[in-house]
Amino acid sequence: MKVPEKGCAICQATWGDYWEEIEGQRMFFCCDICAIEFRNMIDEVKKRKGWKTVDEIKMTGNYRGRECTALYQGKKYGFNIRFDSKGGIDLFTERA
Amino acid sequence: MAGRSDAGHVMWLNRNITKDRSDRRTLSRLLADFFNLGSGSLEGWVKRRFIEKFYGSSPHPFVLSLQNPSRAVLLGYVVEHQHFLRQWVRSCSYIMARTDEMDVVSYELDNINTEYGGVGTGQPSHYELLLRMGESLGLDRKEVFRMAPLANTREAIRVWDSICRDDHWVEGMAAMHGLELIANRRLKGEGASIGYFDPAILKNEEISDQAKAFLREGYEADVGHSEQALGLVEKYSRLYGNVDDVQATFLRSIYYFDLYLMARLERSRQFESS
Ligand SMILES: [Fe+2]
Ligand SMILES: [Zn+2]
């Protein structure tokens with residue numbers, strides 16, 4: 001999976017030092033909450049699309065809400081997501 | 001702490017100071033800037049931080065929903081806010097019990113009356129107006145009383161209770177009455193991107209009169225409530241020399257307020273299909 005070169009895979013922060021293996025890949029996060037968010041997001045996309053994995057997720061926005069585009073084998077899937085304070089998915093809407 | 005990935009600390013730094021890992025010197029300069037009142041007042045600082053968090057470029061989702069609220073959003077408001085208001089009286093009572101300043105006591109008495117006691121039948125309390133709003137939307141007050149708070153509400157209430165019980169009463173005042181800024185319509189002239197709700201809805205026919213009465217009450221009372229209290233906080237924090245503590249406690253309070261507002265939305269989903 002392609003992740004940003006620098007910083008946390010969710011929020012791009014370069015603070016912290018939290019590593020977790022997701023989809024067989026060791027990834028950097030600023031904290032455990034961001035790691036939980038990332039894992040939940042990937043699982044949700046796989047479940048909704050029936051994809052085996054995800055190649056990349058492009059993201060804009062901030063903790064109030066993120067606009068994302070997931071990519072897998074040339075396919076695109078647009079959605080908006082917001083997490084609760086524990087990293088669970090609070091809101092997930094598909095974008096046309 | 002940030003180096004060790006403590007989620008609470010890292011998240012706070014990310015959202016308030018910087019996302020870029022910085023050395024000790026840079027970080028302490030950034031932190032000093034964040035807390036610095038400069039030539040301004042504590043009241044100005046409190047408002048600035050409040051606006052950034054709830055009314056900045058990404059306003060709080062609950063505020064966005066309240067611009068033109070659905071029945072479900074208003075009902076979510078009713079159910080969670082009953083718990084908030086019951087804590088409100090407890091918090092104000094702690095402040096009163098722990099201060100000897102008569103202007104503070106008078107302020108809190110008046111606040112408790114408008115929020116909770118009401119003055120005769122002509123002037124029902126915010127609490128009563130809240131329950132009437134629920135009833136006008138088909139939710140009986142007996143039903144409301146039966147509903148326990150959601151986890152975020154419960155957690156926030158626990159924090160406000162402990163602040164007002166254990167910390168200095170000036171911190172308690174900042175923690176509680178700083179929150180009344182949420183309905184302070186003057187913030188729009190001070191940098192807020194939107195108001196608590198769009199005042200045009202006070203003329204909207206789809207919104208019940210009881211809902212309008214509740215919203216209008218906060219709209220009218222909370223400019224005074226919040227600003228008068230912040231004036232007292234300013235005065236006494238300088239007298240007691242605890243401005244730093246007041247700032248830190250205020251930030252802690254708005255962190256939990258953010259979660260509490262999310263709980264109103266979470267609750268509203270329960271009413272979406274009904
Ligand atoms: Fe008020
Ligand atoms: Zn992060």
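We name chains A, B, ... by the order of the sequence lines, and we start the count at 1 in each one.
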For this session: Could you walk me through whether Cys31(A) and Asp6(B) pass the side-chain contact (heavy atoms from CB on, under 4.5 Å) test, one step at a time?
Result: CA-CA 6 Å; Cys31(A) 65; Asp6(B) 174 74; over 6 Å; no

For this session: Tell me, please, which residues at least two apart from Phe83(A) pass ring-ring contact (aromatic ring centres under 6.0 Å, His included).
Result: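 None.
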
For this session: Kindly write out the residues that satisfy ring-ring contact (aromatic ring centres under 6.0 Å, His included) with Phe50(B), not counting sequence neighbours, or none if the list is empty.
Result: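 Phe50(B): ring-ring contact (aromatic ring centres under 6.0 Å, His included) contacts with Phe54(B).
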
Distance-only criterion, 3.5 Å: show the donor-acceptor pairs between side-chain atoms of residues 69-77 of chain A and protein atoms not counting sequence neighbours.
from: Thr69(A); atom 1: OG1; to: Arg95(A); atom 2: NH2; distance (Å): 3.3
from: Tyr77(A); atom 1: OH; to: Glu94(A); atom 2: OE2; distance (Å): 2.7

Problem set entry | Contacts of residues 249-267 of chain B with chain A (heavy atom under 4.5 Å) |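 Counting heavy atoms that sit under 4.5 Å from chain A, the residues of residues 249-267 of chain B involved are Asp258(B), Leu259(B), Met262(B), Leu265(B).
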
Shortest non-hydrogen separation from [X] to [Y] and the atoms involved:
| X | Y | result |
| --- | --- | --- |
| Met11(B) | Ile33(A) | CE-CG1, 3.8 Å |
| Arg64(A) | Pro59(B) | CD-O, 3.8 Å |
| Asp20(B) | Thr14(A) | CA-OG1, 3.2 Å |

Exercise. Taking 4.0 angstrom as the limit, do Asp17(A) and Arg21(B) come out as a salt bridge?
Worked result: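 The answer is no: the pair does not qualify as a salt bridge.
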
For this session: Pick one of side chain, backbone, both or neither for Asp90(A), based on which atoms fall under 4.5 Å of a heavy atom in chain B.
Result: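 Backbone plus side chain of Asp90(A), per the 4.5 Å heavy-atom cut-off to chain B.
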
Problem set entry | Distance in Å, Asn14(B) CG paired with Cys8(A) SG, rounded so as to fall on 0.5 Å steps |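 Asn14(B) CG to Cys8(A) SG: 7.5 Å, rounded to 0.5 Å.
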
For this session: Determine yes or no for a side-chain-to-main-chain donor-acceptor pair under 3.5 angstrom, with Lys19(B) supplying the side chain and Gln12(A) the backbone.
Result: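 Here the side-chain-to-backbone pair does not exist.
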
Exercise. Side chain of Trp15(A), backbone of Ser22(B): donor and acceptor closer than 3.5 Å?
Worked result: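 No, because the side chain of Trp15(A) does not come within donor-acceptor range (under 3.5 Å) of the backbone of Ser22(B).
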
